[in-house]
Amino acid sequence: MLEVSGIAKRFGATVALDRVSLAAERGRVLALIGENGAGKSTLLKVLSGAHQSDSGTMSLDGQPFLPHSPMDARRRGVAIVYQELTLAPDLSVEDNLLLGQPGTGMGMLFRSRQRERIGEALRQVGLPHLDPKARTGDQSIATQQLIEIARALATDARLILFDEPTSSLPAADVDRLFQLIDDLRRKGLAIIYISHFLEEVRRIADDYAVLRDGHSVGSGQLEQISDEQIISLMVGRDVTDLFPTVSHTIGDPRLQVRKLSGSPIPSDVSFELRRGEIFGLAGLVGAGRTELLRCLFGLRPARDGTVLLEGRPLPNSVGRRKQWGLGLLSEDRKTEGLAQNLSIIENLAMGNHGRYSRLGWLNLAARSRDCQRWMRRVEVKAENGQQCVDELSGGNQQKVAFARLLAQDAEVYLLDEPTKGIDVGTKSEIYRMMGELAAAGKTLVFVSSYLPELLAVCDTIGVMARGRLTEVRPAAEWNEEDLMTAAVATPAASEETEFA
Amino acid sequence: RDSNSSADATQSVLRIAVIPKGTSHEFWKSVHFGAQKAAKELGNVEVIWRGPVVESDTGSQIEVVKDMITIGVDGIVLAPNQKGGLVDPVQEAIGEGIPVVIFDSGLDDGPEIVSYVATDNYIGGQMAAEAMAKAIDEKGNVILLRYIAGSESTEQRENGFLDRIADYPDITVVSSDQYAGDNATSAKEKADQLLQLHGDSLAGIFAVCEPNANGTLEAIKNAGLAGKVKFIGFDPSDALIGALGNGHCHGIVLQDPVQMGYQSVMTIVDYINGESAEEFQSTGEYLATPENMDEELYQRLLHPPTIE
Amino acid sequence: MNLKRRLGSISLALLNHGPALALIAIVLLFTIADNAFGSGSFFSGRNARVIINSAALVAVPALGMTLIIIAGGIDLSAGTALTLSGTALAIAFRDYTIDAQAAGAGTWIALALLGGLGVGVLCGLLNGIIISVTEMVPFIVTLGTMTIFLGLGQVIADESTVYPQTEHLPDWLRYLCYTGSNEERYWIPFLPIPSSGLIAILLGGLVAALLRLTVFGRNIVAVGSSPSTARLCGIRVGATTVWVYALAGIFVAVGALLYFANVKNGNPSDGTGKELEIIAAVVLGGGSLSGGRGSVSGTLVGALIIKTISSGCTMLSIPNTYTHIIIGVIIIVAVLIDGLRNGTPAWLFNRLGRRAD
Amino acid sequence: MNLKRRLGSISLALLNHGPALALIAIVLLFTIADNAFGSGSFFSGRNARVIINSAALVAVPALGMTLIIIAGGIDLSAGTALTLSGTALAIAFRDYTIDAQAAGAGTWIALALLGGLGVGVLCGLLNGIIISVTEMVPFIVTLGTMTIFLGLGQVIADESTVYPQTEHLPDWLRYLCYTGSNEERYWIPFLPIPSSGLIAILLGGLVAALLRLTVFGRNIVAVGSSPSTARLCGIRVGATTVWVYALAGIFVAVGALLYFANVKNGNPSDGTGKELEIIAAVVLGGGSLSGGRGSVSGTLVGALIIKTISSGCTMLSIPNTYTHIIIGVIIIVAVLIDGLRNGTPAWLFNRLGRRAD
Ligand SMILES: Nc1ncnc2c1ncn2[C@@H]1O[C@H](COP(=O)(O)OP(=O)(O)OP(=O)(O)O)[C@@H](O)[C@H]1O
Ligand SMILES: Nc1ncnc2c1ncn2[C@@H]1O[C@H](COP(=O)(O)OP(=O)(O)OP(=O)(O)O)[C@@H](O)[C@H]1O
Ligand SMILES: [Mg+2]
Ligand SMILES: [Mg+2]
């Protein structure tokens with residue numbers, strides 16, 4: 001039903017899309033695959049009217065289709081879930097769901113008439129208990145991602161575009177989303193789906209199209225192609241080991257967390273980490289993993305408990321903790337992880353300027369050299385180091401954020417969804433780097449909702465549920481089912497803490 | 001604090017609100033002194049001194065008048081910021097049985113005010129023109145540097161000056177449409193620019209009020225024209241008096257603010273006590289020159305006492 | 001029973017309304033101080049009327065500013081647009097209308113009002129169009145139009161103050177800002193609330209409804225909250241901006257009408273500096289200059305706070321110098337208290353949280 | 001050869017500098033107009049000096065404001081802090097120093113300067129501390145301190161203008177803002193650039209270096225661009241804020257010195273309204289009120305633009321009313337042109353881009 005041919009799009013000197021062609025059919029799911037910066041998001045933005053293509057033609061149901069604005073595309077029945085959250089933080093959940101839809105009757109918002117539809121959409125994405133009047137900006141990233149999906153569902157679309165919807169969703173929500181997509185497909189909608197998880201793609205999609213450097217390099221039915229073939233189409237070479245491991249030895253205890261509680265979560269969390277250990281944290285959305293990391297890093301106040309590093313209690317402020325060797329990678333790269341209006345170098349160097357300075361004066365050349373090195377190390381795809389971060393593709397932004405943490409040269413790495421939005425090839429590179437860090441005696445906390453990577457990379461894995469750390473076992477003693485079961489289990493002591 | 005409305009004060013104390021146009025110039029502090037002097041002489045009068053900070057703030061002045069009605073003062077002495085704007089509040093005060101004396105600047109016709117006590121600014125402007133003519137031997141180019149748009153009393157000075165200067169055929173007004181603004185920085189900037197433009201052929205410059213005059217004086221010195229370009233000011237200030245002494249300034253038109261405050265309070269108290277008053281009472285306008293500035297009268301007007 | 005519950009929920013709402021709480025505290029403070037040291041007339045119906053009237057003069061244009069600030073903009077030209085519009089009104093009532101008592105005066109007055117008010121709306125429209133067409137920051141655009149409107153005002157006023165013919169003014173206009181004790185001059189007979197105050201409340205209600213109940217209102221919040229999101233959601237950011245500024249122009253125009261009714265003349269330079277007071281009312285009421293946040297009730301209360309402080313200081317005969325210091329301190333403290341209710345500053349609450357255990 | 005290449009790269013830099021381009025266009029415009037209709041004295045060394053001097057009066061405090069705006073803040077109190085500090089200086093030179101020619105005068109003068117300037121720095125420090133301790137929006141805090149500083153100034157000045165004893169003033173101070181033709185009164189003998197202008201350029205260089213070359217400067221940019229990211233990176237946002245405001249206080253204090261040297265008196269209420277002019281210089285120079293963006297050269301040029309326009313209008317004997325309108329239009333057009341160079345408005349460039357295919 002959707003035909004795209006010869007679409008090209010440039011941003012200044014960058015060619016994001018170069019004569020891309022593909023087709024999506026009714027009742028089928030098309031997976032759009034490619035490395036970071038290949039042009040996937042740009043293509044979807046062209047389809048949704050957010051960008052206008054420089055050349056090329058598109059047709060929808062046989063009619064020419066050249067949306068000049070998001071409104072235009074929506075009227076033609078195209079809905080989209082963007083890679084980066086596009087919710088107005090100051091509006092309530094229900095208002096965000098209705099955003100951009102015409103009101104019923106003379107521009108008035110009769111929310112009560114829409115309530116059913118809103119409730120239905122929220123239920124579909126698994127947020128039946130979310131208060132529609134709550135402020136959107138106060139919700140966790142995962143919840144916001146689900147709200148964003150709900151918004152696409154609430155429109156009567158014929159073609160729905162998903163840009164990495166699962167990158168910040170835990171497994172249970174992913175399952176629900178797939179169920180949903182399956183229903184939509186049965187109803188005869190066409191769906192385009194971007195993901196860096198090939199097994200997801202296999203589960204949900206019927207067809208694939210691969211982009212590389214803005215070119216279409218292959219498409220067809222998924223049944224007829226192997227993962228290895230897809231990957232080599234994507235990266236232009238073979239990637240042999242998806243989860244490379246670097247052997248590392250676990251040493252002395254380093255970080256002791258005792259009865260750490262925040263308000264309201266995490267509650268009563270105790271664990272101990274050693275040198276050279278990679279500690280994984282699994283859990284459902286809202287389990288409190290993010291909160292735990294932020295408490296450890298000092299971004300959230302701890303209500304109770306102690307954290308000892310090398311036997312000494314941690315200082316209070318973030319700045320001091322950073323000096324003590326803690327480093328955090330935020331799960332929210334858009335508003336917290338990166339300063340979007342600054343250049344790559346500026347972001348890489350932020351907070352690390354001490355390295356390139358004497359008596360407060362910077363050595364710009366040294367800074368530039370070092371930052372270039374880190375950019376190459378994590379393979380950031382950009383014009384140059386001066387490029388503004390918000391012009392980078394999602395995955396490349398994530399790489400910049402990760403590289404900053406590497407540049408900081410921390411002792412304890414708190415990584416919140418570090419591989420979010422990163423392509424398969426680079427992911428394996430990141431796992432290798434994590435292994436190398438551990439081998440160098442660093443300690444890593446690895447929060448992820450993608451269980452295979454936790455199981456493959458970590459030495460120990462803990463599961464959080466409702467703010468508590470319920471179970472910690474060596475990675476070898478876990479498998480995916482056990483992790484899922486542990487994550488949904490209600491912690492036994494939860495009633496006590498509610499009143500504590 | 002001037003007002004001391006403690007509850008145990010004797011009933012017979014008259015509370016008179018004296019409302020200036022603004023409170024941030026020397027001039028008004030002398031008015032305050034005069035009002036206070038009258039109160040002291042009378043004994044049973046308490047002066048409540050209150051006004052907007054800047055002289056262009058009519059809204060605040062209206063509020064102050066209304067506040068004084070609320071407090072229930074026995075009489076109001078007011079220098080209206082705009083002749084039309086204060087009509088209604090004054091009407092309201094009179095309606096509530098509070099008599100009103102207007103001073104310094106006129107009020108539109110309508111309310112039955114007790115009296116109007118003021119300098120005649122128009123005549124003041126004419127005196128400035130005459131002083132200018134004398135200083136430049138009745139020939140040459142002169143500049144009139146205005147204050148701000150819409151200010152009543154300075155407009156009258158400006159008009160008086162222009163009307164009178166027109167009587168001298170050999171004097172040309174080369175600029176009369178530039179406003180100096182209400183602070184010394186902008187006045188100096190404007191004067192700098194005007195001197196730039198007309199400096200070489202300029203004979204005299206008239207600055208219509210105190211903040212103007214200071215900025216202009218600095219600009220004249222800066223351009224190296226001090227003494228060459230004749231300079232007439234209006235209302236005194238330390239800098240201007242100094243300039244009058246050393247030949248940088250050639251005349252200052254003076255008012256008698258102390259008298260204005262004194263006479264206004266006297267008039268309203270007399271009225272409350274049943275006496276009638278003249279419709280208009282002039283407090284006079286004077287011209288201080290390098291020659292007469294040491295005379296006692298001029299010394300008093302050049303250095304009017306101010307309230308502490 | 002029901003009433004009692006209602007009252008309960010109203011007082012709860014008050015407690016949740018930071019600016020209102022601050023206002024109550026300020027009123028209490030001044031009432032006590034005035035009874036101890038002043039004339040005791042601060043807490044009186046008459047003074048309330050005076051305060052309400054002067055607050056209304058700020059509040060009405062501030063309602064428009066609330067919309068603009070929620071939409072993520074700012075309008076530095078509000079002050080001079082207001083006096084330009086007021087001056088146009090004054091000119092209309094000087095030159096073009098006939099005696100208010102004369103036959104057919106109604107039409108003429110309506111025309112004069114329309115003309116005067118139209119100027120305000122045009123000013124807003126101009127701001128909106130320039131901002132959305134050129135995509136320049138509102139600060140610069142309205143800084144430019146601020147001086148343009150001032151200049152235009154001075155041109156039409158011939159650089160001086162314009163006095164209308166008082167016979168031309170109909171009674172309702174004349175008494176729009178009346179705060180005296182003749183009860184017949186109020187809109188609701190024998191309920192002496194200044195008409196200007198009633199207008200402010202009425203308009204406030206309309207704006208609140210607009211923001212809460214209409215698509216346009218929600219779009220305003222979305223645009224201010226995150227313009228890129230709004231764009232991606234198909235909201236026409238440019239058009240919304242134009243409408244917001246044009247709408248704000250209406251409030252500026254009504255504000256001009258009140259200003260004119262208050263001082264009964266038009267002086268274009270009166271408006272310089274007013275914009276800060278107007279913006280301050282919005283921000284005191286909880287508006288955020290980074291957009292997305294602001295409330296009608298907050299703005300109304302913000303305007304009341306500003307005027308209550310200045311009135312209280314007059315009543316206590318505090319000299320202007322100290323009044324300035326007091327106003328400054330109270331503004332900071334009022335917002336500080338509002339913050340405390342919301343858990344700001346964070347460091348303090350973090351520390352308290354620790355200690356509580 | 002080398003020189004030629006140098007000159008080439010300088011002119012290229014100019015072309016890339018939007019505000020500078022705008023300034024050149026404005027100067028050209030006025031020069032042509034002045035030669036055609038005016039006295040032809042606009043484009044002259046003397047007038048350049050006058051413009052540079054009045055621009056310096058705005059530019060120096062605007063340098064501090066640039067830092068504040070880059071750090072995502074705003075300072076409405078800059079104007080009144082400046083005149084408060086200037087008034088303190090005037091008082092010092094009225095009451096506490098001895099004749100400039102007398103023995104030991106140097107020490108006294110230094111003390112007076114220190115005292116007067118200290119006031120400005122304290123003002124900045126106060127702003128910074130309140131903002132970072134209470135975590136309130138800078139707009140409200142500095143709105144509060146704006147009136148507080150005004151009040152304090154009026155208290156120390158006794159609500160009027162303070163005139164120093166002219167004998168107390170040393171020559172260098174007296175001629176800080178000198179723009180006349182006696183070449184010996186300039187700092188660089190026989191190179192008649194007003195000392196105030198030299199100071200502005202010197203300080204501008206320092207600030208530019210601070211921003212580009214120091215860790216603190218980069219932290220300022222980080223804090224202004226995204227406070228939460230800065231916090232994540234371990235930058236102490238609160239402390240940075242305090243330092244930025246305190247530093248801006250120094251510029252306000254130097255600005256006060258120039259103000260004092262310019263008009264040779266101190267009047268605390270002179271400062272009301274100045275803050276807008278100062279902020280306007282920064283924004284004209286490319287500063288963004290949402291933080292993270294701003295440039296020293298832009299600010300300096302911004303101040304020059306404002307003063308060039310007003311001087312040009314006077315030179316052409318344009319009445320004040322029209323001057324206002326012209327200033328407003330030129331400000332908007334200047335920023336519009338700057339935007340066009342950078343691809344704003346987007347809709348226009350999109351359309352042009354499409355057509356080009
Ligand atoms: N607004 C923009 N300005 C300049 N360049 C841009 C802009 N948006 C995208 N690009 C560039 O276009 C290219 C394609 O980006 P795009 O976001 O489409 O990649 P992607 O395939 O979605 O990658 P990812 O998997 O990391 O999300 C990148 O090189 C990116 O830097
Ligand atoms: N700013 C906030 N204000 C109030 N509640 C919050 C805020 N941020 C998070 N929460 C709540 O805290 C809980 C845990 O947050 P969060 O979802 O980030 O946990 P998580 O385990 O890290 O999950 P994930 O990383 O998968 O999203 C959720 O119930 C969320 O609603
Ligand atoms: Mg993408
Ligand atoms: Mg999380």
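Within every chain, numbering begins at 1; the chains are lettered A, B, ... in the order of the sequence lines, protein sequences first and strands thereafter. Reckoned from all heavy atoms, side chains included, excluding hydrogens, waters and symmetry mates.
Contact of B:E155 with chain C is made through the side chain alone, with heavy-atom distances under 4.5 Å. B:D88 touches chain C through its side chain: at least one heavy atom from C-beta onward sits under 4.5 Å away, while N, CA, C and O do not. For B:P89, no part lies under 4.5 angstrom from a heavy atom of chain C. Using a 4.5 Å cut-off between heavy atoms, C:T323 contacts chain B through its side chain alone, with no backbone atom that close. Residue contact with chain B, scored on non-hydrogen atoms closer than 4.5 Å, is absent for C:K274. In this structure, chain C has a heavy atom under 4.5 Å from the side chain of B:D108, while its backbone stays farther away.
Most heavy-atom pairs under 4.5 Å with chain C: of the set B:I69, B:N81, B:V64, B:D177, this distinction falls to B:I69. Counting heavy-atom pairs under 4.5 Å between each of C:N262, C:T321, C:T314 and chain B puts C:T314 at the top.
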Please tabulate, for side-chain N and O atoms in residues 145-157 of chain C, each donor-acceptor pair with protein atoms closer than 3.5 Å (sequence neighbours left out).
{"unit_1": "C:T145", "atom_1": "OG1", "unit_2": "C:N127", "atom_2": "OD1", "d": "2.7"}
{"unit_1": "C:T145", "atom_1": "OG1", "unit_2": "C:V141", "atom_2": "O", "d": "3.3"}
{"unit_1": "C:T145", "atom_1": "OG1", "unit_2": "C:T142", "atom_2": "O", "d": "3.3"}
{"unit_1": "C:T147", "atom_1": "OG1", "unit_2": "C:G144", "atom_2": "O", "d": "3.2"}
{"unit_1": "C:T147", "atom_1": "OG1", "unit_2": "D:H324", "atom_2": "O", "d": "3.1"}
{"unit_1": "C:T147", "atom_1": "OG1", "unit_2": "D:G328", "atom_2": "N", "d": "3.2"}
{"unit_1": "C:Q154", "atom_1": "OE1", "unit_2": "D:H324", "atom_2": "ND1", "d": "3.2"}

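Between C:R49 and B:T70, the closest side-chain pair of non-hydrogen atoms is not below 4.5 Å.
One finds the OG atom of C:S317 at 8.5 Å from the CZ atom of B:R15 (value rounded to the nearest 0.5 Å). To the nearest 0.5 Å, atoms NZ (B:K66) and OG (C:S311) are separated by 12.0 Å. Of the inter-residue distances, the one linking C:D270 atom CG with B:T58 atom OG1 reads 4.5 Å to the nearest 0.5 angstrom. Taken from CD1 in B:I48 to CE in C:M315, the straight-line distance is 9.5 Å, to the nearest 0.5 Å. Note that CD1 of B:I148 is 6.0 Å distant from OG of C:S269, once rounded to the nearest 0.5 Å.
No donor-acceptor pair under 3.5 Å is formed between the side chain of C:R46 and the backbone N or O of B:I71.
The minimum heavy-atom distance linking B:R50 with C:C313 is given by the pair NH1-O, 3.9 Å.
Listed in order of number, the residues of residues 91-101 of chain B that approach chain C to under 4.5 Å between heavy atoms are B:E92, B:E96.
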